[in-house]
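Report on the structure given below.
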Amino acid sequence: MTIKAPTLNIGGLGADPLAQRIEEKQKKWKYKIAVLSGKGGVGKSTVAVNLATALAKKGYFVGILDADIHGPNVAKMLGVDKADVLAERLEDGRFEMIPPTADFMGQITPIKVMSMGFLVPEDQPVIWRGALVTKAIKQLLGDTKWGELDFMIIDFPPGTGDEILTVTQTLQLDAAIVVTTPQEVALLDTGKAVNMMKKMEVPYIAVVENMSYLICPHCGNEIDLFGRGGGRKLAEKEGVEFLGEIPIDLKAREASDAGIPIVLYGDTIAAKAFMELAEKLVKKLEEMKGEKASEEAEE
């Protein structure tokens, strides 16, 4: 039986049962990827959405959780912001939310999407303290019917706050993609996010430089609006991997407003950059998985 999803019952959450549900669910997710940044306005959600779409375009089963409770926009960027969230009653009497899916008329493997944006009116702010936000994120993880996934991508809010800390402690992340832009002030904050992931002992941490350069629509030359190369330097300084540069694409704004990730515009430089980013990530994770299997076999 399915019904329209009820409002989140934040006050009645039991921490232990919810944590147990998350633990059981994540066993069905091959790779768990956090996308974060120490600073807002760097295009973190754009990277998360396009990475998810690039992976789905390659045939992987992908889920994406918009963990930015105060400013959720992943659903809008994937064109499913008007979707109803249904809920299924389980044998124990609980309800699990059924995440809407985006497949862009069959162009990609369907992406499962969950966001607080589905559950509150579009123009209403979520005025909650950190503890309630953290519980809401956990409920979106633990009380959603995610099923088996190749990649679970969590789009975190900006900063290095309690929500990120708690969820990172709850999930066994396989990778953290830290998004920056080339400016010095962005790099300072991004460095904090990198070091937070180090302290949380995330196995693979990589930096992505978004808005790296602009391709002039008239002459085709590359224009470094915000400088360039800062992301690579940061990665080298912190001893983590540099995953790639994403250029500013004038089609990206129109695409996001229309709910179509730029990666689906295959003839653009930005689309090619995102596909390369996804390929590098998959290759690295598969290599690490193989190395871990070899180590376990030797023990």
Side-chain angles (χ1 to χ4, degrees), residues 31-52 54-55 67-68 151 153-169 171-215 222-249 252 269-270 272-289 291-292:
Y31 295 117
K32 298 168 288 291
I33 315 294
V35 180
L36 69 158
S37 178
K39 182 176 179 59
V42 299
K44 174 183 53 62
S45 294
T46 297
V47 171
V49 163
N50 281 280
L51 175 60
L55 291 166
D68 191 347
F151 290 89
I153 295 175
I154 302 98
D155 179 26
F156 278 126
T160 54
D162 183 58
E163 306 98 300
I164 300 176
L165 176 63
T166 303
V167 176
T168 306
Q169 290 174 327
L171 293 179
Q172 287 87 55
L173 291 174
D174 296 286
I177 308 301
V178 184
V179 182
T180 188
T181 50
Q183 305 104 303
E184 189 69 26
V185 66
L187 294 170
L188 288 172
D189 291 334
T190 305
K192 296 174 184 176
V194 169
N195 282 300
M196 180 182 187
M197 293 298 102
K198 284 183 180 180
K199 290 181 180 179
M200 300 306 296
E201 299 183 344
V202 177
Y204 176 65
I205 304 168
V207 173
V208 170
E209 185 176 286
N210 193 31
M211 306 183 203
S212 186
Y213 56 94
L214 168 69
I215 300 294
E222 296 181 4
I223 304 171
D224 300 335
L225 288 179
F226 305 119
R228 191 166 172 184
R232 186 183 297 276
K233 291 177 183 176
L234 174 66
E236 291 173 353
K237 175 186 173 184
E238 298 295 345
V240 299
E241 190 153 331
F242 182 68
L243 205 56
E245 298 177 340
I246 307 297
I248 299 172
D249 194 312
I269 295 176
K272 293 173 183 175
F274 276 117
M275 290 305 298
E276 288 175 6
L277 188 152
E279 288 164 8
K280 282 185 185 178
L281 178 63
V282 171
K283 182 179 179 181
K284 183 63 179 182
L285 291 175
E286 292 291 350
E287 286 176 357
M288 291 175 63
K289 183 180 178 183
E291 291 170 1
K292 184 178 180 181

Tell me, with the steps shown, if T181 and N210 meet side-chain hydrogen bond (donor to acceptor under 3.5 Å, both in side chains). CA-CA 5 Å; T181 50; N210 193 31; over 6 Å; no
Mind running salt bridge (Lys or Arg N to Asp or Glu O under 4.0 Å) on K280 and E241 for me, showing each step along the way? CA-CA 11 Å; K280 282 185 185 178; E241 190 153 331; over 6 Å; no
Quick one: do L165 and Q169 satisfy side-chain contact (heavy atoms from CB on, under 4.5 Å)? Show the steps, please. CA-CA 6 Å; L165 176 63; Q169 290 174 327; 3.8 Å; yes
Please test L277 against L51 for side-chain contact (heavy atoms from CB on, under 4.5 Å), starting from the C-alpha separation and ending with a verdict. CA-CA 8 Å; L277 188 152; L51 175 60; 3.5 Å; yes
Could you please spell out the steps behind the side-chain hydrogen bond (donor to acceptor under 3.5 Å, both in side chains) verdict for S212 and E209? CA-CA 6 Å; S212 186; E209 185 176 286; 2.6 Å; yes
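Summarising the geometry of Y213 relative to I269, their closest heavy-atom pair is OH-CG2, 3.8 Å, with the distance given to 0.1 Å. Pairing each heavy atom of A175 with each of L285, the nearest pair is CB-CD2, 4.1 Å. Between A176 and V202, the shortest heavy-atom distance links the atoms N-CG1, 3.7 Å. The two residues L187 and P182 have their closest heavy-atom pair at CD1-O, 3.4 Å. A273 approaches P247 most closely through the heavy-atom pair CB-CD, 4.0 Å. Closest of all the heavy-atom pairs between I205 and K198 is CD1-N, 3.6 Å.
The only option from V178, V35, V208 that meets the side chain to side chain contact (heavy atoms under 4.5 Å, CB included) definition with K44 turns out to be V35.
Checked against side chain to side chain contact (heavy atoms under 4.5 Å, CB included), E286 has the following partners two or more places apart in sequence or in another chain: K30, Y31, V282, K289.
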